[in-house]
2 protein chains.
Amino acid sequence: MAVTLADVAARAGVSSATVSRVLNGNYPVAGSTRERVQRAVEELDYVVNGQARALAAATSDLVGVLVNDVADPFFGLIASALQSEIGAGGSGPAGGKLAVVCNTGGSPEAELTYLTLLERQRAAGVVLTGGAVEDEAHTAAVTARLARLAASGTAVVLCGRPPLTFPDESPGVTTVAFDNRGGARRLTEHLLSLGHRKIGCVTGPLERSTTRHRLEGHRAALAAYGLGPRTAAGADGTAGGDASRLTVHGGYDRASGYDAALELLRREPDVTAIVAANDTVALGVCAALRDRGLNIPGDISVAGFDDLPFSVDASPALTTVRIPLQEAGARAGRLVMGRQSSPPGGVATIATELMVRASTAPPKTRS
Amino acid sequence: MAVTLADVAARAGVSSATVSRVLNGNYPVAGSTRERVQRAVEELDYVVNGQARALAAATSDLVGVLVNDVADPFFGLIASALQSEIGAGGSGPAGGKLAVVCNTGGSPEAELTYLTLLERQRAAGVVLTGGAVEDEAHTAAVTARLARLAASGTAVVLCGRPPLTFPDESPGVTTVAFDNRGGARRLTEHLLSLGHRKIGCVTGPLERSTTRHRLEGHRAALAAYGLGPRTAAGADGTAGGDASRLTVHGGYDRASGYDAALELLRREPDVTAIVAANDTVALGVCAALRDRGLNIPGDISVAGFDDLPFSVDASPALTTVRIPLQEAGARAGRLVMGRQSSPPGGVATIATELMVRASTAPPKTRS
DNA sequence: CTGTTAGCGCCTTCAC
DNA sequence: GTGAAGGCGCTAACAG
């Protein structure tokens with residue numbers, strides 16, 4: 001079948017150990033011998049067997065990357081930057097790993113299943129991206145799994161999800177977190193400062209950390225303006241500011257945005273602005289508003305989140321909160337490769353930036 | 001360190017061979033023994049060593065996916081569908097492979113490098129996506145490499161690139177091709193039928209097969225309308241239809257579209273329509289036209305290609321050619337897994353569909 | 001500097 | 001049905 005180390009050794013007239021040394025280059029070998037070996041390798045078109053090497057050396061060339069869906073630009077950008085970062089570099093020890101991309105679809109079970117598959121492969125590292133599902137049992141399961149991976153030498157990095165707390169001392173799991181809360185707060189403050197008071201909120205799935213953080217930021221901004229949610233008792237829903245009535249939950253997809261916008265208009269026709277769960281959802285919101293004959297931002301302002309590439313080309317260009325996803329992905333890549341030291345406390349928080357564009361404007365003055 | 005088969009065997013009071021048989025389930029084992037083994041596995045939190053298994057059984061759980069860039073929705077959609085297809089299914093033999101995503105950035109060298117890395121890993125399959133670089137030496141190198149991979153049992157699938165011709169009998173390399181030529185032709189015919197005669201063409205990188213095919217389709221449509229490129233001799237550039245002057249090459253990115261549109265307007269201010277290399281480029285074209293104060297489609301019509309998700313939300317909604325990328329990716333996944341038989345001739349051509357939306361309209365009548 | 005010798009952890013004929 | 005033994009291809013001590 002395939003040519004092996006022994007074949008090369010035979011052809012070069014040396015022992016297989018010598019060939020191994022030449023290949024790995026981390027051991028002194030005489031120049032003439034080295035050349036002979038290299039020639040034999042070329043002539044035989046020899047390609048090392050990574051699995052055998054991995055088994056013998058107890059190393060791995062694989063790094064797992066868990067994403068909800070690579071087709072979603074949010075994850076695509078992270079995965080791309082990450083892959084480029086770990087794939088580059090020499091074919092030596094700390095360079096040239098392969099990225100194993102796993103679509104979990106946001107399913108906790110899939111997450112655990114892939115974690116098992118990666119553990120099977122004795123992956124050199126694992127990166128979990130995107131918001132976490134905030135279910136106690138699942139969090140515990142993931143924590144335990146990651147602790148085990150880390151303990152067995154797998155580098156574990158969290159990117160875009162909140163840090164995990166481990167029972168024992170931190171097993172070296174590092175986190176690249178996004179400042180979703182701060183970004184959301186600044187975004188809502190921007191709308192408030194424009195004069196909006198009835199701000200609809202189309203959020204993501206209830207159980208995800210990203211959803212919660214963005215919602216918290218939004219509410220914090222409202223509260224600072226005295227528009228916090230009132231206690232349910234005695235609330236009659238007359239005055240503006242009823243946070244729960246102005247909040248609609250949905251998925252992180254365009255269709256959810258479309259539906260949620262219609263629902264919002266039904267509940268509160270006077271809404272003057274809508275903050276969406278992310279840019280994709282915002283596009284759905286915009287489409288719904290247009291279909292209703294509403295002008296953006298003339299009649300209603302709309303804002304997204306993430307600043308995905310298409311946002312600037314949307315109609316109108318979307319006001320949003322920028323997350324430097326490629327930087328984050330690259331950083332996660334460096335961390336998982338051990339090319340960059342872990343930040344103090346094991347958590348690096350990536351700042352987010354408000355991008356004011358054409359989809360937000362002061363509310364229409366009442367006619 | 002990690003718990004091994006032997007540990008499980010010891011705990012269950014059986015031989016390691018028996019444990020192996022229980023795990024793989026492809027051999028008769030007594031019910032009681034099986035239960036004992038399974039309990040031991042659970043109690044010890046045993047996870048098979050994929051590398052050792054791969055080495056011993058000469059199998060692999062890895063499928064390589066070469067893309068230009070996963071962050072590009074075109075590739076992201078293919079990769080996503082592919083991953084979901086191969087990742088699903090039981091953890092048995094023909095189910096549950098891991099997708100190794102490799103960003104080549106369109107570089108021939110990177111392509112070969114990753115092919116080597118995947119060969120190292122003895123990948124179960126390899127899928128090359130997107131247009132090929134049409135360089136003779138490189139094509140030969142890739143062909144040789146793929147022939148070797150295929151010969152050694154690796155399933156090789158081409159997705160979105162033209163079929164390769166192998167010196168010997170076809171080594172079972174199957175191709176999922178896109179009808180770029182037909183799609184481009186119908187798109188340009190659409191513009192011609194609207195009355196356009198000076199149609200600018202912003203194409204992709206010269207050396208890529210996708211670029212060539214789309215350009216061929218475009219030119220075929222023009223030729224059918226008697227607007228083919230005139231022979232250089234005696235051409236004075238007066239009449240419309242000078243294909244080369246109306247064609248600008250660039251990359252497959254937004255910035256290229258922006259620049260190319262400006263260049264096109266410089267060369268030929270009377271252009272009434274522009275077909276772009278793909279949707280991303282089209283967005284750049286639209287941005288440039290807007291910045292020039294031109295209305296789309298009032299002053300100039302613009303069309304894209306691929307029908308990426310954001311195209312429908314562009315301003316105005318983009319007329320484009322739809323390629324069912326997820327279907328293609330899923331099919332490539334099934335083919336590489338051997339779950340679907342190869343099409344006759346080894347080539348399946350995916351049809352493309354013209355999507356007429358708001359960015360194209362009849363040309364403005366001369367004032 | 002180079003060859004020899006053991007395994008890495010698992011699968012897979014063979015016997016029983 | 002189950003155990004014993006050999007080997008997958010390579011690396012890593014250990015001698016020399």
Side-chain angles (χ1 to χ4, degrees), chain A residues 1-38 40-41 44-62 91-93 119-124 152-153, chain B residues 1-38 40-41 44-61 91-93 117 119-124 152-153:
Chain A
M1 287 285 297
V3 26
T4 75
L5 240 207
D7 298 331
V8 177
R11 198 177 214 307
V14 296
S15 75
S16 58
T18 301
V19 179
S20 171
R21 295 198 260 256
V22 171
L23 258 40
N24 295 310
N26 41 12
Y27 223 79
V29 175
S32 62
T33 313
R34 154 173 288 113
E35 280 183 31
R36 219 144 26 95
V37 170
Q38 282 169 338
V41 167
L44 267 45
D45 268 332
Y46 172 71
V47 177
V48 239
N49 183 323
Q51 323 186 297
R53 163 183 287 182
L55 180 57
T59 62
S60 168
D61 289 340
L62 266 33
S91 55
E119 189 174 353
R120 261 210 211 340
Q121 299 299 321
R122 302 295 186 264
S152 73
Chain B
M1 286 289 296
V3 27
T4 74
L5 241 205
D7 298 332
V8 177
R11 197 178 215 305
V14 298
S15 75
S16 58
T18 302
V19 179
S20 170
R21 294 198 260 255
V22 171
L23 257 41
N24 296 311
N26 41 12
Y27 222 80
V29 175
S32 62
T33 313
R34 156 173 289 111
E35 279 183 32
R36 224 149 16 100
V37 170
Q38 282 168 338
V41 167
L44 266 45
D45 269 333
Y46 171 71
V47 177
V48 239
N49 184 324
Q51 322 184 300
R53 163 183 287 181
L55 180 57
T59 62
S60 168
D61 290 339
S91 55
L117 289 173
E119 190 173 354
R120 260 209 211 343
Q121 299 299 322
R122 302 294 188 265
S152 73

Spell out, as yes or no, whether a donor-acceptor pair under 3.5 Å connects the side chain of B/Arg36 to the backbone of B/Ala12.
yes

Give a yes or no answer on whether the side chain of A/Ser16 reaches the backbone of A/Leu5 with a donor-acceptor pair at less than 3.5 Å.
no

Please report the distance, rounded to the nearest Å, between [atom1] in [X] and [atom2] in [N].
X	N	atom1	atom2	answer
B/Leu44	C/dG9	CG	C1'	15 Å
B/Arg120	D/dG9	CZ	P	17 Å
A/Asn49	D/dG9	CG	P	7 Å
B/Leu23	C/dG9	CG	C1'	12 Å
B/Asp61	C/dC10	CG	C1'	13 Å
A/Arg53	D/dA12	CZ	C1'	13 Å
B/Tyr27	C/dC14	OH	P	10 Å
A/Asn26	C/dC1	CG	C1'	15 Å

For the side chain of B/Arg34 and the base of D/dG1, is some donor closer than 3.5 Å to an acceptor across the two?
no

Ignoring hydrogens and angles, does a donor from either the side chain of A/Arg122 or the base of C/dG9 sit under 3.5 Å from an acceptor on the other?
no

Check every atom of [options] against the side chain of [X] and return the nucleotide holding the closest atom.
X	options	result
B/Arg21	C/dG9, C/dT13, C/dC10	C/dT13
A/Pro28	C/dC1, D/dT11, C/dC11	C/dC1
B/Ala57	C/dG9, C/dC11, C/dT2	C/dC11

On the nucleotide [N], are OP1 or OP2 found under 4.0 Å from the side-chain N or O atoms that [X] carries?
X	N	answer
B/Ser15	D/dG3	yes
A/Ser20	D/dT11	yes
B/Thr33	D/dT2	yes

Residue met sooner reading DNA chain D from 5', once B/Thr18 and A/Ala52 are mapped to nucleotides:
B/Thr18

Side-chain contact test, heavy atoms from C-beta onward, threshold under 4.5 Å: evaluate it for [X] versus [Y] and give yes or no.
X	Y	answer
A/Arg11	A/Val8	no
B/Val22	B/Val41	no
B/Val3	B/Asp45	no

Using a 4.0 Å heavy-atom cut-off, does [X] contact any base of the nucleic acid, only the sugar-phosphate backbone, or nothing at all?
X	result
A/Leu5	base
A/Ala17	base
A/Ala30	sugar-phosphate

